[in-house]
Q: 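Provided herewith is a single structure, encoded as structure tokens, for subsequent inquiry.
Only heavy atoms go into these numbers, but all of them, side chains included; no hydrogens, no water, no symmetry mates. A quick note: this is a predicted structure, and the numbers were derived from the prediction, not measured. Below, chain A is the first sequence line, B the second, and so on; all start at residue 1.
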Amino acid sequence: MGEAFALALGLVLSGDPDLAEIVLLSLRVSLTATILACLIGLPIGALVAIGRFRGRGTVLIVMNALMGLPPVVVGLLVYLHLSRSGPLGFLGLLYTPTAMIIAQTILIAPIVAALSRQVLEDLHSEYAEQFRSLCLTRWQTVQALLWDARYSLLTVGLAGFGRAVAEVGAVIIVGGNIDHLTRVMTTAIALETSKGDLALALALGIILLVIALGVNAAVQSVRMTAARQAYV
Amino acid sequence: MSDAMAMSTANAAAGAQRSPILPLSVRDLVLRFGDAAVLDGVSFDLGTSGCTMIMGPNGSGKSLLLKLLHGLMQPTEGQILWGRHAAADVTARQALVFQKPVLLRRSVAANIDFVLQARGKDRARRDALLDHVGLAHKADQPARLLSGGEAQRLALARALATDPEVMFLDEPTASLDPASVLAIERIVSEARDRGVRILFVTHDMGQSRRMADDVVFLHRGRVAEHSPAAEFFPEPRCAAAREHLNGGIVV
């Protein structure tokens with residue numbers, strides 16, 4: 001255990017190129033998925049937050065339930081669509097980083113939508129009457145809410161990113177964990193652990209933790225700066 | 001006259017060419033929540049200019065009346081006619097300043113920019129508007145760190161940015177210090193002098209005396225008295241208003 005830990009630290013500090021490749025692909029896939037999930041999830045969250053329509057309660061239940069989508073199920077569904085015989089098989093996306101991005105986007109878009117809905121609904125309850133007095137359109141209202149909740153929504157995005165970068169089930173099914181092509185941190189940790197190469201697995205684990213801590217610290221400091229200006 | 005104000009007058013002139021929204025006629029207005037009638041047959045008429053103070057004890061329906069007149073709520077019964085228009089059709093030609101200003105989580109200047117842009121107004125007016133309410137030196141500061149008086153002045157500047165023909169004020173100076181109260185009264189008086197019709201809810205007797213052209217006194221969901229200021233303050237006709245003016249407790 002101690003030996004493996006020393007080896008792991010050595011790998012991290014030496015800037016091992018294989019390790020760097022895996023880390024960078026992980027970040028590229030999960031960050032892209034987070035951005036796409038925000039582009040999809042935030043407007044949906046905002047529209048449900050300010051909308052009053054029949055069946056809204058059902059929509060809320062479904063949105064909240066989708067937050068708990070099992071990654072392997074998402075992976076399987078995306079696999080079925082992208083495999084050669086599937087409806088999108090002609091795109092040839094299976095076992096590419098793009099397939100992994102698609103799977104992670106589907107996995108975390110509901111998280112972004114459901115959490116942002118709550119944040120924006122709270123803000124809207126404060127602004128609603130003033131906005132009606134100003135005769136704002138629905139689109140102007142959504143824009144204003146998204147902008148004014150920007151620092152709270154950073155935390156929502158962070159929750160999505162955290163889920164994406166840490167999940168293994170979906171990316172291993174649609175990515176295949178192919179060396180130098182679709183191997184990311186979590187799939188590599190799973191593989192190296194099963195092979196008994198604990199040093200590489202641990203090194204990746206350490207990096208994953210450091211990234212999680214670093215991203216959280218950065219978001220927290222942005223939020224604290226915003227809070228000092230009463231922008232939160 | 002500042003640029004912003006000149007623009008505001010020009011827009012008011014343009015507004016006059018549209019169908020006018022004054023005088024106001026309110027007939028038999030009833031607002032019920034369940035079985036309880038908060039407003040119970042309110043009727044009054046307002047002329048085309050001046051400052052009307054709306055007074056009465058808590059729970060007499062003053063704030064709800066403003067929201068009904070502004071088209072933010074629907075009455076249970078009765079009729080509101082702004083010129084020939086229903087209340088909900090003229091909301092955009094009016095502005096409401098709330099007791100507790102709702103300011104965006106942005107800078108002071110951005111709060112004005114937002115309204116100017118949303119309502120398709122000239123964004124170059126922002127500095128003149130801030131100057132008019134004495135907040136030019138705070139333009140870049142976060143709006144939500146302003147003092148109570150400054151925040152309310154910003155809310156007034158934002159209301160004026162929409163070039164309203166009618167401005168509703170719902171106890172805008174409650175819990176403010178005397179200097180802030182006077183600053184806000186000055187801004188409101190200037191708006192009135194430029195032709196903006198003012199409907200002002202207050203509990204402050206001194207403020208009523210300073211600002212009123214006429215007074216609508218609400219009591220138990222009805223108009224207990226509607227008189228010109230010159231008649232109301234020396235000799236109110238209804239007992240509740242007389243009690244109120246004498247510092248008695250009216251319930």
Q: Under 4.5 Å heavy-atom distance to chain B, tell me which part of Phe131(A) shows up: side chain, backbone, both or neither.
A: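 Side chain only.
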Q: Side chain from CB out, backbone as N, CA, C, O: work out which of these in Leu134(A) comes under 4.5 Å of a heavy atom of chain B, or both, or neither.
A: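 Leu134(A) touches chain B through backbone and side-chain heavy atoms alike.
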Q: Report yes or no: does Arg144(B) contribute a side-chain atom to a donor-acceptor pair with the main-chain N or O of Tyr231(A) at less than 3.5 Å?
A: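 Not a single qualifying donor-acceptor pair exists.
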Q: How many angstroms lie between atom CD of Gln94(B) and atom SG of Cys135(A), to the nearest 0.5 angstrom?
A: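 Here the interatomic distance stands at 8.5 Å.
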Q: First locate atom OG1 of Thr91(B), then atom CZ of Arg132(A), and finally report the distance between them rounded to the nearest 0.5 Å.
A: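 CZ of Arg132(A) is found 8.5 Å from OG1 of Thr91(B).
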Q: Output the distance between atom CD (Gln130(A)) and atom CG (Leu103(B)), rounded to the nearest 0.5 Å.
A: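 If I round to the nearest 0.5 Å, the distance is 8.0 Å.
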Q: May I ask you to check whether Arg106(B) and Gln229(A) show a side-chain donor-acceptor distance below 3.5 Å?
A: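 On atom types as modelled, these side chains do not qualify, holding no pair under 3.5 Å.
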Q: Taking everything shown except His81(A) itself, do over 12 heavy atoms lie less than 6.0 Å from its NE2?
A: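 Open: at most 12 neighbouring heavy atoms sit under 6.0 Å from NE2 of His81(A).
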Q: Rounded to the nearest 0.5 Å, how far does CZ of Phe98(B) lie from OG of Ser133(A)?
A: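 One gets 5.0 Å once the value is rounded to the nearest 0.5 Å.
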Q: Are the charged groups of Arg105(B) and Glu126(A) less than 4.0 angstrom apart, N to O?
A: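 Here Arg105(B) pairs with Glu126(A) in a salt bridge, since their nearest N and O are under 4.0 Å apart.
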Q: With a 4.5 angstrom heavy-atom cut-off, which part of Thr162(B) approaches chain A: side chain, backbone, both or neither?
A: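 Side chain only.
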Q: With only heavy atoms counted, which part of Val115(B) is less than 4.5 Å from chain A, the side chain, the backbone, both or neither?
A: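 Contact with chain A: side chain only.
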Q: Quick check for you: among Ala143(B), Ala118(B), Ala92(B), Ser107(B), which has the greatest number of heavy-atom pairs under 4.5 Å with chain A?
A: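 Looking at each of Ala143(B), Ala118(B), Ala92(B), Ser107(B) in turn, Ala118(B) comes out on top.
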Q: Under a 4.5 Å heavy-atom cutoff, which of Gln141(B), Gln117(B), Arg119(B) has the most pairs with chain A?
A: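 Max contact count across the listed options: Arg119(B).
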Q: So for Phe114(B), is it side chain, backbone, both, or neither that comes closer than 4.5 Å to the heavy atoms of chain A?
A: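 Side chain of Phe114(B) only, per the 4.5 Å heavy-atom cut-off to chain A.
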Q: Can you tell me if CZ on Arg186(B) sees more than 12 non-hydrogen neighbours from other groups inside 6.0 Å?
A: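 Atom CZ in Arg186(B) is crowded, with more than 12 foreign heavy atoms closer than 6.0 Å.
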Q: Answer yes or no: does atom CG of Asp140(B) have more than 12 heavy-atom neighbours from other residues, nucleotides or ligands under 6.0 Å?
A: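 Open.
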Q: Considering only heavy atoms, which portion of Ala144(A) lies under 4.5 Å from any heavy atom of chain B: side chain, backbone, both, or neither?
A: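 For Ala144(A), heavy atoms of backbone and side chain both lie under 4.5 Å from chain B.
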Q: Could you give the distance from CG (Leu104(B)) to OH (Tyr127(A)), rounded to the nearest 0.5 Å?
A: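 Interatomic distance, Leu104(B) CG to Tyr127(A) OH, rounded to 0.5 Å: 4.5 Å.
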Q: Are Val102(B) and Glu129(A) side-chain neighbours, meaning at least one heavy-atom pair lies under 4.5 Å?
A: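 No, side chains not in contact.
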